[in-house]
Amino acid sequence: MSQHEIIAALDVPDSKQAAETVRRIGDGVSFYKVGLELFIADGPETLRMLAGEGKKIFLDLKLHDIPRTVERATASCMRFGVDLLTIHAQGAAAMTAAAAKAVRDAGAHTKILAVTVLTSLDNTDLSAIGVTRPVGEQVLSLGKLAVSSGADGLVCSPREAAALRAALGPDALLVTPGVRPAGSAVGDQKRVATPADAIRAGATHLVVGRPIIGAADPRAAALAIREEVERAAAEHYR
Ligand code: C5P
């Protein structure tokens with residue numbers, strides 16, 4: 001696990017701004033996350049633009065439906081050559097297996113990532129929906145279920161990464177948002193970690209939004225984060 005990826009969250013409203021952002025970042029980033037806002041506005045156009053620029057794609061749609069629907073939605077995503085696709089682990093084993101089957105049937109290289117408990121939820125929110133165990137336990141339990149059902153990895157908070165790495169072994173992908181280089185604005189994120197912290201906790205991919213796309217020089221910001229990640233990885237994995 002010596003290769004770590006930095007994924008820039010393309011949190012912009014339309015494909016025109018997406019193209020402009022990708023142009024400004026240039027060779028600073030080769031992997032982009034497209035989430036619901038941009039996908040609903042201009043999804044296919046944006047994904048074609050990214051593929052045309054030779055960029056890797058993390059399609060963050062957090063699919064959650066009956067297995068057949070998720071299988072077919074996943075198959076539709078395969079048209080765009082996405083590298084990472086998210087589903088909700090709460091869809092349970094059959095839904096996760098259906099997403100993995102769609103990837104296999106397409107002969108695609110896409111990796112399926114499961115989201116366990118949204119980081120916007122706390123213990124009180126869980127108990128309101130009938131989940132009585134604490135967030136940390138629920139994350140571990142759903143994470144193990146997802147990976148044993150065919151997911152290639154998880155999206156998780158950097159604070160959850162070490163426990164998940166220990167529980168899931170060396171092969172699972174762990175993709176962590178909430179990453180802030182030391183000294184950068186936290187924004188609305190409550191629990192952040194530096195890129196180096198995330199790597200030391202076992203993350204394989206770091207999702208970084210505003211610290212890159214909101215920077216005065218986004219290419220330079222991305223390259224500085226890459227340098228920190230490579231330094232941390234070299235120390236951690238030597
Ligand atoms: O700008 P920032 O670096 O906070 O962006 C982080 C990205 O990761 C956003 O697209 C956000 O929706 C996403 N994300 C997150 N926390 C999660 C899951 C996804 O910040 N738990």
Side-chain angles (χ1 to χ4, degrees), residues 1-10 15 18-19 22 25 27 29-116 142-156 161 164-165 167-177 202-207 233:
M1 224 177 333
S2 57
Q3 206 192 345
H4 294 82
E5 299 266 17
I6 294 167
I7 305 175
L10 211 38
S15 60
V22 169
I25 297 175
D27 63 359
V29 169
S30 59
F31 215 139
Y32 284 90
K33 178 170 89 72
V34 174
L36 285 170
E37 176 192 12
L38 179 56
F39 188 78
I40 290 169
D42 281 332
E45 194 181 335
T46 303
L47 299 182
R48 277 186 219 109
M49 177 275 292
L50 288 170
E53 294 290 327
K55 304 298 183 187
K56 288 188 252 184
I57 299 170
F58 172 9
L59 186 53
D60 187 19
L61 300 184
K62 298 187 181 68
L63 301 176
H64 190 183
D65 211 311
I66 58 171
R68 179 173 185 275
T69 301
V70 166
E71 183 177 337
R72 293 168 73 103
T74 303
S76 283
C77 294
M78 299 301 95
R79 277 184 226 152
F80 299 106
V82 305
D83 296 274
L84 300 173
L85 173 69
T86 48
I87 62 171
H88 265 291
Q90 284 177 63
M95 193 203 86
T96 302
K101 176 176 183 297
V103 172
R104 270 197 317 279
D105 288 352
H109 66 280
T110 311
K111 304 290 186 195
I112 299 290
L113 300 175
V115 173
T116 58
L142 284 175
K144 284 192 237 171
L145 176 68
V147 169
S148 67
S149 309
D152 300 286
L154 305 175
V155 179
C156 65
L164 287 166
R165 175 61 65 214
L168 299 173
D171 294 333
L173 304 179
L174 291 180
V175 180
T176 58
T204 55
H205 298 62
L206 312 188
V207 178

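All residue numbers in this chain count up from 1 along the given sequence. Scope of the values below: all heavy atoms of this structure, side chains included, with no hydrogens, waters or symmetry mates.
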Tell me the closest heavy-atom pair linking [X] and [Y], and the distance in Å.
X	Y	result
C77	V82	O-CG1, 4.0 Å
V207	A9	CG1-CB, 4.1 Å
L174	G202	CD1-O, 3.7 Å
A167	K144	CB-CE, 4.2 Å
G143	L168	O-CD2, 4.0 Å
E71	A98	CG-O, 3.6 Å

Check: [Y] and [X] side chains under 4.5 Å, non-hydrogen atoms:
X	Y	answer
I25	Y32	yes
P177	V155	yes
D171	V147	no
L164	T116	no
D152	V103	no

In Å, rounded to the nearest 0.5 Å, how long is the span from [atom1] of [X] to [atom2] of [Y]?
X	Y	atom1	atom2	answer
E37	D42	CD	CG	10.5 Å
M78	T110	CE	OG1	3.5 Å
F58	H205	CZ	NE2	9.0 Å
T69	H64	OG1	NE2	11.5 Å
R165	T204	CZ	OG1	6.0 Å
L38	L47	CG	CG	8.0 Å

Are L61 and L36 close enough, and set up right, to give a side chain to side chain contact (heavy atoms under 4.5 Å, CB included), and what steps lead you there? CA-CA 6 Å; L61 300 184; L36 285 170; 3.9 Å; yes

With a cut-off of 6.0 Å (strictly less than), are more than 12 heavy atoms of other residues, nucleotides or ligands near NZ of K55?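 Yes - once you tally the heavy atoms of other residues, nucleotides and ligands closer than 6.0 Å, there are more than 12.
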
When you measure from the side chain of [X] to the backbone of [Y], do you find a donor-acceptor pair of N or O atoms at a distance under 3.5 Å?
X	Y	value
D65	V70	no
R48	F80	no
T96	G150	no

Checking side-chain contact (heavy atoms from CB on, under 4.5 Å) between L59 and each of D83, L85, L84, which is the one that passes?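 The side-chain contact (heavy atoms from CB on, under 4.5 Å) with L59 is passed solely by L85 among D83, L85, L84.
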
side-chain contact (heavy atoms from CB on, under 4.5 Å) partners of K62, counting only residues at least two apart: D60, T86, H88, V115, L118

